[in-house]
Amino acid sequence: MLEIIIRLALLVCSISMLGLIYRVIKGPSVPDRVIALDAIGVNLIAITALISVVLHSYAFLEIILLLGILAFIGTVAFAKYLEKGAIIERERNL
């Protein structure tokens with residue numbers, strides 16, 4: 001029973017990934033694309049966790065952590081770029 005539920009969850013995550021890829025390509029604005037990229041990161045984490053359960057392995061937990069950190073840093077960088085126009089601020093001494 002658990003195997004059927006996990007396979008169904010993988011199917012749902014895959015279908016939502018297709019919808020998110022469409023949103024990244026056809027998004028009406030840049031913030032919509034950024035949100036879609038963040039959601040893709042969350043879906044990758046979910047798919048990796050489900051595969052880890054299917055394979056009965058703890059090896060993927062480090063990958064899940066890495067994907068979470070990278071998705072967070074990417075989202076913060078995009079948000080800062082959209083707000084200020086630059087990711088790294090440089091001070092000018094005049």
Side-chain angles (χ1 to χ4, degrees):
M1 183 67 177
L2 183 64
E3 184 177 328
I4 295 171
I5 293 172
I6 291 174
R7 289 185 190 262
L8 184 64
L10 279 170
L11 180 68
V12 169
C13 285
S14 300
I15 291 171
S16 70
M17 190 77 84
L18 291 174
L20 289 168
I21 289 171
Y22 174 78
R23 179 55 54 202
V24 168
I25 294 170
K26 292 284 192 173
S29 65
V30 176
D32 290 329
R33 292 178 175 153
V34 171
I35 291 171
L37 282 173
D38 188 43
I40 286 174
V42 171
N43 271 343
L44 281 175
I45 291 169
I47 289 171
T48 308
L50 289 169
I51 290 173
S52 175
V53 170
V54 167
L55 297 177
H56 303 290
S57 173
Y58 293 108
F60 293 107
L61 297 179
E62 293 152 359
I63 296 171
I64 291 170
L65 235 126
L66 181 66
L67 285 173
I69 291 169
L70 289 176
F72 174 74
I73 291 173
T75 303
V76 169
F78 274 126
K80 189 172 182 183
Y81 174 74
L82 290 176
E83 183 178 328
K84 296 184 178 180
I87 296 173
I88 300 173
E89 297 174 7
R90 297 194 169 114
E91 293 182 28
R92 293 185 179 174
N93 295 330
L94 296 175

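Predicted model, so just to flag it, every value in this text is computed and none were measured. The analysis underlying the following values was restricted to heavy atoms, covering all of them including side chains, and did not include hydrogens, waters or symmetry mates.
- In terms of heavy atoms, Ile47 sits closest to Cys13 at CG1-CB, 3.6 Å.
- Taking both residues in full, the closest heavy atoms of Asp38 and Ala71 are given as OD1-O, 4.0 Å, listed atom of the first, atom of the second, then distance.
- Cluster membership for Val24 and Val42, using ILVMFWY side-chain heavy atoms within less than 4.5 angstrom, is not shared.
- The hydrophobic cluster containing Leu50 also contains Leu61, counting ILVMFWY residues as joined when their side-chain heavy atoms lie under 4.5 angstrom apart, directly or transitively.
- Of all the heavy atoms in Arg23 and Arg33, the pair that sits closest is O-CG, 3.9 Å.
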For this session: Could you please spell out the steps behind the side chain to side chain contact (heavy atoms under 4.5 Å, CB included) verdict for Phe60 and Leu55?
Result: CA-CA 10 Å; Phe60 293 107; Leu55 297 177; 3.7 Å; yes

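- By the criterion of side-chain heavy atoms lying less than 4.5 angstrom apart, applied directly or through intervening Ile, Leu, Val, Met, Phe, Trp or Tyr residues, Ile63 is not grouped with Leu65; the two fall into different hydrophobic clusters.
- Side-chain contact between Met17 and Ile21 is present, with heavy atoms from C-beta onward closer than 4.5 Å.
- Between atom CG of residue Asn43 and atom CD1 of residue Ile15 there is a gap of 11.5 Å, rounded to the nearest 0.5 Å.
- Using modelled atom types, one side-chain atom of Ser52 and one backbone atom of Ser57 make a donor-acceptor pair closer than 3.5 Å.
- Both Ile64 and Tyr58 belong to a common hydrophobic cluster when Ile, Leu, Val, Met, Phe, Trp and Tyr are linked at side-chain heavy-atom distances under 4.5 angstrom.
- Using modelled atom types, one side-chain atom of Thr48 and one backbone atom of Leu44 make a donor-acceptor pair closer than 3.5 Å.
- A continuous path of ILVMFWY side-chain contacts below 4.5 Å connects Val53 to Ile51, so both sit in one hydrophobic cluster.
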